[in-house]
J.: 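Have a look at this one before I ask anything.
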Amino acid sequence: MTRRYSPRDIEPKWQAVWESEGTYTTNLNSNKPKYIAMSMFNYPSGSGIHIGHAMNYTISDVKARFKRQQGYESYHPVGWDAFGLPAENFAIKSGVSPQQSMAEIIPGYHKQYKAMGWSNDWQKEIATHLPEYYRWTQSIFSQMYKHGLAYQASRLQWWCSIDNTVLANEQVIDGKCWRHDGPNDPLVEKKEIKQWFFKITEYAEELLEAIDDLDWTESVKLAQKNWIGKSQGAEIDFQVANSKHKITVFTTRADTIFGATFLVLAPEHGLVKDLTTKNQKTKVNNYLKQVATKSELERQTAKEKTGVFLGSYAVNPINGEAIPVYIADYVLLNYGSGAIMAVPAHDERDYQFAKKYKLPIRQVVAQYFLGNPKEDIATVNRQVVDAIVRNQKGQYLLIKDLDGYHFCGGGVESTDLDNRAAIRREVIEETGYHDIKSLKPVAQQTIFYGYRATKNRNQRTLGQFFEVILASDQQIDNESNTGKHTLHWFNKDEVLNKLAWDSHVKAFEQYLNSTSCYSGEGLMINSAEFDDLTSDQAREQIIRQLSKQGWAREKINYRMKDWSVSRQRYWGAPIPIIYCQKCGTVLVPDADLPVIIPELEDFAPSGDGHSALARAKDWLKVSCPKCGGPAERETDTLDTYICSSWYMLRYIDPHNQVKIFDTDLVNKWLPIDFYNGADHATAHLLYARFITRFFNKLGQINHPEPFKQMLYNGKVTSSDGSMFSKSKGNGIDPLEIINQGYGADALRTYLMFAAPLELSVRWDPKGVPGVYRFLNRVWTLIQAYLEQDKHQLTDKKLRYDILHATNLMVDKVSKDLNLNQYNTAIATMMAYLNDLYRFKDQEFNQGQVWQTAFENLIVCLAPFAPHISEELWHQLGHTTSVHKDSWPEVDKSYLVDKTVTIVIQVNGKVRATLKVKPGETESLVIGLAKKDNKIKEYLAKKDIKKTIYLPDKLVNFVV
RNA sequence: GCGGAUGUGGUGGAAUUGGUAGACACGCUAGCCUUAGGAGCUAGUGCCGUUAAGGCGUGAAGGUUCAAGUCCUUUCAUCCGCACCA
């Protein structure tokens, strides 16, 4: 009677054995090569693990197991990110302290983690809410403070009105709190609050530079680059006319300074009051009021630019021109200097503003088109005018000549009064249409550089387009009558297809879109001595010249802001600061750490912007560590992101009572070899990099980066593609799947098989049963094997075929595991199992070859399905665990194919295949191919023009 | 708006350097078997074509090539990130 596959029996059995034998306990001082794989920190909530956890932690578990089997000292750590709002909010509601609820919740997680078969080292478990941990979180604050990287400032900050706390920029998602981003949740507000910051901006440059070398999912690297948001430019000072004030603007386009026709300040800018003239005072105050009532989001999504003139003028340092100063809410106080020079010709936002308030628009960069200039031929500058002529039917007039279709127009002659006169003359000369209703310049000037055969010279042509609207089709004698060119009317849509010249296409597009704003690079015009330079040359030279005169400085700006770390909440690590009436702000001495969170009855924030800690009078009142006088503790706690920004370091030395961690141990184990998660592309990962770099600078870690490889895996979504959520109640409980009898092995293997790890997985209720079937087939086949007679294989060919398939499988699975392609690794094992079922029908016995085949399968399966693998491994006669040092070497001699399939194509289409030994000669293979019956038909009565031959692969006859 | 990614059967997804498209599963169809189960086994399954011969097929349209899912150009759709960043 064969045994049946019963996960219910074998899974708990092996979990108990592993625990009692310490199979997954890591020796941090081992001489073996180290490997550490982990997934992002878990926040323990009352509802236990969900399917997303099952996904995340299985990914790193498979990696850790694979490496452990390969002989590495592999470490798969475990811990709890236990501080945070859900536990506190629960405490406010129920009166159960967070300390107590964590003590109840975490043991439940232990059971669930073990039921999933994750190979965690429980002896090194950590939890951030325990004083032995948060003591060191507090010490990070102290270190930051001592090194001038922690400072206190009163600043406008995002404020969540549900949690009554400030938020870091990284915790605001689509204008809402990261914990309250549902459709009915309120937008975050801005509040001015005195709070603590970490100077992460001081590390902006190195955090940015190091990104390129990281072996991380590209989208995360990109998100971090965008988040840091470096932009290189200059600060330029504009003297305010008749005033001692200067306005400093930040710009990345100093080259466009001749096109600056006004300045704009953010409404909150410090100079607004001083620069407002008496006449404008009422208007300005009204505008300021109006801005104040708008929410941040309203401001950002406003379709129309609004603003108001302050009455003052500023002097452009490049040319002494006085230009008006405006305030407008499209300029943000907290980026750059909170003020801009507006160049409406080359910035979309400035353009909209200028249009609305009828401010001048001056083009200074011309789009540049390069034709085919001839070398060693003189270049002549020309001004050309072209006309987009429209008749009353809305048709457009094109000229056709040797060059193809283009608008009419020509060079400006010395006899022309101006460009307008020139275009009028050209239109009449070339087309004879003289009844012109209106004529106005449109689109921006462009520069075309190239050879003109008719004049035998290179021309640098500055082109201006005009819209010419005809009042009637009255026509006089013109050049088209001489046969020089022909005239054609087209509809709007046809024109773009007909036009032969790029510069005309661009101009017509601009004309149709009625934008005259070009923000790219080009050649300088209207810029005095900088004319004719390219815009990037001009940018450099203008900054250099203004710098010499003291009006400008090169400047790099980052979008990223300093990290706000104060939270007005109870359930977090208290900030180790004391306020003394005499000494001011005093750091709690290291010897007095940790500052323990006092036990309270009521956890609600005090409502005045302070946490519940403000009511713990006994705790609050302390004597000053410096002078011994009366003092009070800081009542804010640290952002929980600080706890999770250094936990990977504590994993290496979790029980150290003396130091935050042992430097030698951390140097040995860092960087984390493999890290994965489906969230926190910017916030957590940036913070962890920042803190690691900080310790690196202090000389406490010799690696600047914490995570060597980072995989940003997909999420598990419901079968319709939407997110699982508690509110919908459509979640999948991993334990329920296990307890239904499918077991953790089938669940784990399904999750890893369903899709590439980077993609999100749609939950398929048939998926786990499908994989269960596979495991069951493995089980059944091995039970059958164990009942066979004990003797060796006699069939030589079968012997090779089995070992060939086995080694190919191990080779592929090893490669796929290294490349994180788990889904194809599992597919390879399934295909191999199908092969074994076929081989079984030829000859089946308990000999060495079959034993090898099954052992290799079990070893490869073990990272995914650890329980069934361990059970079968022992049934195959082993007495030690499959999960250590078991990974086989591939025998390369068995990877060779005994026959290869040659594809025979005629004209690139597959018509037949041919089986030959590898390494056959070209002539023999082509000879065989020509003899193939089917191929004969295709080649009959045809000349073979060409034969393509690829050794051991393909023959293609071209006829 | 900007940036990025992805489009392959009924479904999830395979496919080194361009070289047999659809591996492996799910589902479906037919049959077998039985201690009737959430089973197991066998065969089939891209589309059109009665079988066959053949033709068509990787979001769409062009192109390069003996040969294109893969390279180039244009375009459409979906998802993600940032979003007035000067």
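Proteins get letters first, then strands, A, B, ... in listed order; numbering begins at 1 in each.
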J.: Checking N557(A) against S231(A) for the side chain to side chain donor-acceptor pair (under 3.5 Å) test, could you report, in this order, the C-alpha distance in whole Å, the side-chain angles of both residues, the deciding distance, and whether it holds?
T.: CA-CA 5 Å; N557(A) 244 308; S231(A) 63; 5.6 Å; no

J.: Report the base-pairing partner of U75(B) (Watson-Crick or G-U wobble, both distances below 3.5 angstrom), or none.
T.: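 Across all strands, the one nucleotide that pairs with U75(B) is G59(B).
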
J.: What is the distance, rounded to the nearest whole Å, between atom CG of N713(A) and atom C1' of C80(B)?
T.: 15 Å

J.: Which nucleotide wins on minimum distance to the side chain of A755(A), given the candidates A14(B), G12(B), C84(B)?
T.: G12(B)

J.: Compare side-chain N and O positions of K946(A) against OP1 and OP2 of C66(B) and report whether any pair is under 4.0 Å apart.
T.: yes

J.: Ignoring hydrogens and angles, are the base of U20(B) and the side chain of K909(A) linked by a donor-acceptor pair under 3.5 Å?
T.: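 Between U20(B) and K909(A), which were checked side chain against base, a qualifying N/O pair under 3.5 Å is absent.
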
J.: Kindly say whether, by distance alone, the side chain of N956(A) makes a donor-acceptor pair under 3.5 Å with the base of C66(B)?
T.: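 Yes.
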
J.: Reckon R911(A) has a side-chain N or O less than 4.0 Å from the OP1 or OP2 of G54(B)?
T.: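 No, R911(A) has no side-chain N/O under 4.0 Å of OP1/OP2 on G54(B).
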
J.: Nearest to the side chain of A223(A), heavy atoms from C-beta on, is which of U20(B), C84(B), G81(B)?
T.: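 Selected nucleotide: G81(B).
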
J.: Under a 4.0 Å threshold between the charged nitrogen and the carboxylate oxygen, would D536(A) count as salt-bridged to R539(A)?
T.: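 Here R539(A) does not pair with D536(A) in a salt bridge, since their nearest N and O are not under 4.0 Å apart.
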
J.: Answer with yes or no whether E348(A) presents, from its side chain, a donor or acceptor under 3.5 Å of a partner atom in the base of G1(B).
T.: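 Under the 3.5 Å cut-off, the side chain and the base do not form any donor-acceptor pair.
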
J.: For C24(B) and T828(A) - does any side-chain N or O of the residue sit under 4.0 Å from the phosphate oxygens OP1/OP2?
T.: no

J.: Knowing that exactly one of D679(A), N713(A), N676(A) qualifies, which makes a side-chain hydrogen bond (donor to acceptor under 3.5 Å, both in side chains) with N56(A)?
T.: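 For N56(A), the side-chain hydrogen bond (donor to acceptor under 3.5 Å, both in side chains) check succeeds only for N713(A).
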
J.: Is K892(A) paired with D811(A) through a side-chain N to carboxylate O contact shorter than 4.0 Å?
T.: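 No salt bridge links D811(A) with K892(A).
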
J.: Would you indicate which nucleotide in G38(B), C85(B), G55(B) comes nearest to any side-chain atom of Q740(A)?
T.: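 The listed nucleotide nearest to Q740(A)'s side chain is G38(B).
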
